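Computed from a predicted structure; not experimentally measured.
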Amino acid sequence: MTLSTYTPALYPNFKQQTFTCRQLVTMPFNGLLRINRGAVRAVTWSEQGTAITLGYWGVGDVLGQSLSGVQPYQIECKTHVEVSYIPQNLCHQSLDEIFRHFQETQAFFCIVRSESLRDRLVQLLAWLGQKFGRQVEQGVLIDLRLTHQELSEAIGITRITVTRLMSRLEEEKVIDRTRPQYIVLT
């Protein structure tokens, strides 16, 4: 799991707001938001109306329309979330987080471009485990409830293909799906 350098006490003047699971985060016109607690998914849509996941973000991450440049741009809560809004004139104070955002976006892009659909899914699960997981006896528990549809939107394949691949990965003992979350076995 990635350790955050975010320290709430350093940003006491930023407006904080909380959101519930599945709620949409309201974005400021300019500036960024920093996730203080929880996890979100950034999403856009193709011209055909297909959802396209732009990334998953957690504690200490910064994100926003100004980093993406994609329209439409929506942030959906995957858990209970607390965010701080960072005004545009103070974004320079978050350069480390902005650089990490670009690095994670490029890592996510490399996963999506993997040739093998199975490898794409395994790499996504490993990435999610590294970012949001916690070690348990069987392996790494991904502490997010993700639907097969959301996984398919993240890696650009159909939900049916994700379901088929998840069954195969479970048979191969790469994952364990005995809980609502996934365990990536190590």
Side-chain angles (χ1 to χ4, degrees), residues 1-2 19-27 33 35 38-59 61 63-65 67-81 83 100-134 136 138-186:
M1 180 185 290
T2 305
F19 299 90
T20 59
C21 186
R22 301 190 203 290
Q23 191 174 3
L24 299 180
V25 175
T26 53
M27 285 298 304
L33 63 84
I35 301 172
V40 301
R41 170 177 88 135
V43 67
T44 191
W45 292 267
S46 70
E47 290 180 10
Q48 296 76 29
T50 304
I52 301 168
T53 300
L54 301 171
Y56 287 90
W57 309 101
V59 174
D61 289 333
L63 68 158
Q65 172 63 43
L67 286 180
S68 170
V70 173
Q71 281 288 356
Y73 183 83
Q74 183 173 294
I75 298 173
E76 169 188 276
C77 296
K78 297 302 301 165
T79 64
H80 291 296
V81 173
V83 298
R100 190 172 65 243
H101 178 94
F102 287 122
Q103 292 167 349
E104 290 187 21
T105 298
Q106 290 187 10
F108 189 78
F109 180 73
C110 289
I111 291 167
V112 171
R113 295 299 301 166
S114 180
E115 292 294 323
S116 160
L117 300 183
R118 180 192 179 283
D119 291 349
R120 200 181 297 180
L121 181 57
V122 169
Q123 289 173 22
L124 175 66
L125 293 172
W127 184 82
L128 289 167
Q130 181 180 6
K131 187 158 181 63
F132 299 104
R134 63 183 165 88
V136 294
Q138 303 93 328
V140 177
L141 174 69
I142 299 172
D143 260 340
L144 294 176
R145 290 184 182 203
L146 300 167
T147 66
H148 289 187
Q149 183 65 38
E150 289 169 332
L151 292 171
S152 75
E153 291 166 357
I155 58 176
I157 63 177
T158 67
R159 184 199 52 77
I160 294 167
T161 302
V162 167
T163 300
R164 183 177 43 81
L165 288 171
M166 292 298 278
S167 294
R168 187 185 323 160
L169 291 175
E170 192 170 21
E171 288 171 10
E172 295 171 5
K173 307 235 183 280
V174 174
I175 64 168
D176 176 5
R177 297 189 293 176
T178 56
R179 304 176 187 209
Q181 305 97 328
Y182 297 107
I183 296 177
V184 179
L185 302 174
T186 54

Heavy atoms of Ile35 and Gly38 approach each other most closely as CG2-O, 3.6 Å

With Ile75 as partner, the option from Leu33, Leu24, Val43 fulfilling side chain to side chain contact (heavy atoms under 4.5 Å, CB included) is Leu33

With side chains defined as the heavy atoms from C-beta onward, is the minimum distance between Thr44 and Pro72 less than 4.5 Å? yes

The single option from Arg22, Lys78, Arg145 that satisfies salt bridge (Lys or Arg N to Asp or Glu O under 4.0 Å) with Glu150 is Lys78

Exercise for the section: State, yes or no, whether a side-chain contact exists between Asp61 and His101 at a heavy-atom distance under 4.5 Å. Expected result: no

Taken in chain and number order and not counting sequence neighbours, the residues that satisfy side-chain contact (heavy atoms from CB on, under 4.5 Å) with Glu172 are Arg118, Arg168, Leu169, Val174

Taking distance alone, no hydrogens or angles, what donor-acceptor pairs closer than 3.5 Å link side-chain atoms of residues 153-161 to residues at least two apart or in another chain?
from	atom 1	to	atom 2	distance (Å)
Glu153	OE1	Arg41	NH1	2.6
Glu153	OE1	Arg41	NH2	3.3
Glu153	OE2	Gln149	NE2	3.2
Thr158	OG1	Thr161	N	3.1
Thr158	OG1	Thr161	OG1	2.7

Applying side chain to side chain donor-acceptor pair (under 3.5 Å) to Ser46 and not counting sequence neighbours gives Gln48

In terms of heavy-atom contacts, Val140 and Gly129 come closest through CG1-O, 3.6 Å

Nearest heavy-atom approach of Leu125 to Ile142 is O-CD1, 3.4 Å

The reported gap from CD in Glu76 to CZ in Phe19 (rounded to nearest 0.5 angstrom) is 13.0 Å

Ring pair (Phe, Tyr, Trp, His ring centres under 6.0 Å) pairs touching residues 109-131, sequence neighbours excluded, are Phe108-Trp127

Would you say the side chain of Tyr73 lies within less than 4.5 Å of the side chain of Leu67, judging by non-hydrogen atoms?
no

All heavy atoms of Ser114 vs all of Asp119, minimum pair found to be OG-CB, 3.8 Å

Sorted by chain and residue number, the side chain to side chain donor-acceptor pair (under 3.5 Å) partners of Arg120 (sequence neighbours excluded) come out as none

CH2 of Trp45 to CD1 of Ile52, rounded to nearest 0.5 Å, is 10.0 Å

Task: Side chain to side chain, Leu63 and Val40, heavy atoms closer than 4.5 Å - done: yes

In this structure, CZ of Arg177 is separated from CE of Met166 (nearest 0.5 Å) by 5.5 Å

Hits for side chain to side chain donor-acceptor pair (under 3.5 Å) against Glu47, two or more places apart or cross-chain, chain-then-number order -> none

Between the OG atom in Ser152 and the CG atom in Leu121, the distance rounded to the nearest 0.5 Å is 10.0 Å

Residues at least two apart in sequence or cross-chain that pass side-chain contact (heavy atoms from CB on, under 4.5 Å) with Gln71, listed by chain then number, are Gln65

Rounding to 0.5 Å, atoms CD1 (Ile175) and CD (Glu170) come to a distance of 5.5 Å

